Chemist: 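Pasting in a structure now, in structure tokens, and then I'll have a few things to ask.
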Amino acid sequence: MAGSPASLSGQDVGSFAYLTIKDRIPQILTRAIDTLHRHKSEFFEKHGEKGTEAEKKAISLLSKLRNELQTDKPIIPFVEKFVDTDIWNQYLEYQQSLLNENDGKPRWFYSPWLFVECYMYRRIHEAIIQR
């Protein structure tokens, strides 16, 4: 009996996973950044200077995330303490335990596509609800 099939990942150039990680996810992040930027006056009207600062911080975090993705940096643990932080970080440790690479760190193009896509949405969420 055969084992489970390998997870889709971005290491297979031209695959759905590769194109998603290379093209679609950066586009989603760019749109999120653009949307925040377009609504900065509304943030100021509703929340004053705090709203403007939150908008700038969220844009900065999303820009950093986009750079991490595009340069295939290691996937980093979550630091903000939310209800699901520990579960996410435990799963990240599990992904790390599966690797046979020298540095042993999950990376955007070498980790399972579904994991990195969900991780990206969780990072967007963290950037938006930051404290």
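All of these numbers come straight from a predicted model, not from anything done at the bench.
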Chemist: Side chains of Leu114 and Leu8: closer than 4.5 Å at any heavy-atom pair?
Modeler: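 No, every pair of side-chain atoms sits at 4.5 Å or beyond.
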
Chemist: Look at the rings of Phe16 and Trp113 and say which category their plane angle falls in: under 30° parallel, 30 to 60° tilted, over 60° perpendicular.
Modeler: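 Plane angle over 60°, so perpendicular.
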
Chemist: Nearest heavy-atom pair of Leu65 and Met120: which atoms, and what distance?
Modeler: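 The pair with the smallest heavy-atom distance is CD2-O, 4.0 Å.
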
Chemist: Please give me the minimum heavy-atom distance between Tyr121 and Ile28, naming the atom from each residue.
Modeler: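 Taking Tyr121 first and Ile28 second, the nearest heavy atoms are OH-CD1, 3.3 Å.
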
Chemist: Is it true that, when you exclude His125 itself, more than 12 heavy atoms of the residues, nucleotides or ligands shown sit nearer than 6.0 Å to its NE2?
Modeler: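 Open: at most 12 neighbouring heavy atoms sit under 6.0 Å from NE2 of His125.
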
Chemist: When you compare the side chain of Glu126 with that of Leu61, does any pair of heavy atoms fall below 4.5 Å?
Modeler: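 No; the side chains remain at least 4.5 Å from each other.
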
Chemist: Does any non-hydrogen side-chain atom of Asp12 lie less than 4.5 Å from one of Tyr18?
Modeler: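 Result no, sub-4.5 Å side-chain heavy-atom pair not found.
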
Chemist: Out of curiosity, does Val13 fall in the hydrophobic cluster containing Leu19 (side-chain heavy atoms, cut-off under 4.5 Å, transitive links)?
Modeler: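 Yes, Leu19 connects to Val13 through the hydrophobic network.
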
Chemist: Drop me the distance from Ile75's CD1 to Phe115's CZ, to the nearest 0.5 angstrom.
Modeler: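 One gets 4.5 Å once the value is rounded to the nearest 0.5 Å.
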
Chemist: Supply the atom-to-atom distance Arg122 CZ to Asp84 CG, rounded to the nearest 0.5 angstrom.
Modeler: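 That separation rounds to 4.0 Å.
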
Chemist: What closest approach, in Å, do Ser111 and Ser9 show between heavy atoms, and which atom pair accounts for it?
Modeler: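 In this case the closest contact between Ser111 and Ser9 is O-CB, 3.3 Å.
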
Chemist: For Trp108 and Glu68, work out which heavy atoms get closest and say how close.
Modeler: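 Nearest heavy atoms, Trp108 then Glu68: CD1-O, 3.5 Å.
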
Chemist: Treating Ser60 as the side-chain partner and Lys56 as the backbone partner, does any N or O pair qualify as donor plus acceptor under 3.5 Å?
Modeler: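 Flag not set: sc Ser60 to bb Lys56 has no pair under 3.5 Å.
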
Chemist: Quick one: pull up CZ in Phe109 and CD in Gln70 and give me the separation to the nearest 0.5 Å.
Modeler: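 Separation between the atoms: 8.5 Å.
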
Chemist: Tell me whether Gln130 contacts the main-chain N or O of Ala127 through its side chain, where contact means a donor paired with an acceptor under 3.5 Å.
Modeler: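 Side chain of Gln130 to backbone of Ala127: a pair is present.
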
Chemist: I need the Glu55 CD to Ser41 OG distance, nearest 0.5 Å.
Modeler: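 Spacing of CD (Glu55) from OG (Ser41) equals 9.5 Å.
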
Chemist: I'd like to check Arg123 versus Ile76 (side-chain heavy atoms, cut-off strictly below 4.5 Å). Are they in contact?
Modeler: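 Of all side-chain heavy-atom pairs linking Ile76 with Arg123, at least one is under 4.5 Å.
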
Chemist: Count I, L, V, M, F, W, Y as connected when their side-chain heavy atoms are under 4.5 Å apart, and connections chain through other members. Are Phe44 and Ile59 then in the same cluster?
Modeler: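 In one cluster with Phe44: Ile59, no.
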
Chemist: Testing the basics here: between Arg107 and Asp72, what is the closest heavy-atom pair and its distance to 0.1 Å?
Modeler: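 For Arg107 versus Asp72, the nearest heavy atoms are NH2-O, 2.9 Å.
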
Chemist: Between CG of Leu29 and CZ of Arg24, what distance do you get to the nearest 0.5 Å?
Modeler: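 These two atoms lie 10.5 Å from each other.
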
Chemist: Answer yes when Glu53 and Lys57 have at least one side-chain N-carboxylate O distance shorter than 4.0 Å, and no when they do not.
Modeler: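 A salt bridge is absent here (no side-chain N lies under 4.0 Å from a carboxylate O).
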
Chemist: Quick check: do Lys81 and Asp86 have side-chain heavy atoms less than 4.5 Å from each other?
Modeler: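 Sidechains of Asp86 and Lys81: in contact.
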
Chemist: Assess the residue pair Gln90 and Tyr94 against the criterion (side chain to side chain donor-acceptor pair (under 3.5 Å)); give the C-alpha distance rounded to whole Å, side-chain angles, the decisive distance to 0.1 Å, and a yes or no.
Modeler: CA-CA 6 Å; Gln90 288 169 7; Tyr94 169 71; over 6 Å; no

Chemist: Side chains of Leu36 and Ile128: does their closest heavy-atom pair fall under 4.5 Å?
Modeler: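 Result yes, sub-4.5 Å side-chain heavy-atom pair found.
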
Chemist: Assign the ring pair Trp88 / Phe78 to parallel, tilted or perpendicular, where the plane angle (0 to 90°) is split at 30° and 60°.
Modeler: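 Geometry flag for Phe78 against Trp88: perpendicular rings.
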
Chemist: Please examine the side chains of Ile33 and Arg66, heavy atoms only from C-beta on, and report whether any two atoms are closer than 4.5 Å.
Modeler: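 A side-chain contact exists here, since the closest heavy-atom pair is under 4.5 Å.
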
Chemist: Shortest non-hydrogen contact from Tyr110 to Gln11?
Modeler: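 Reported closest heavy-atom pair: CD2-OE1, 3.1 Å.
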
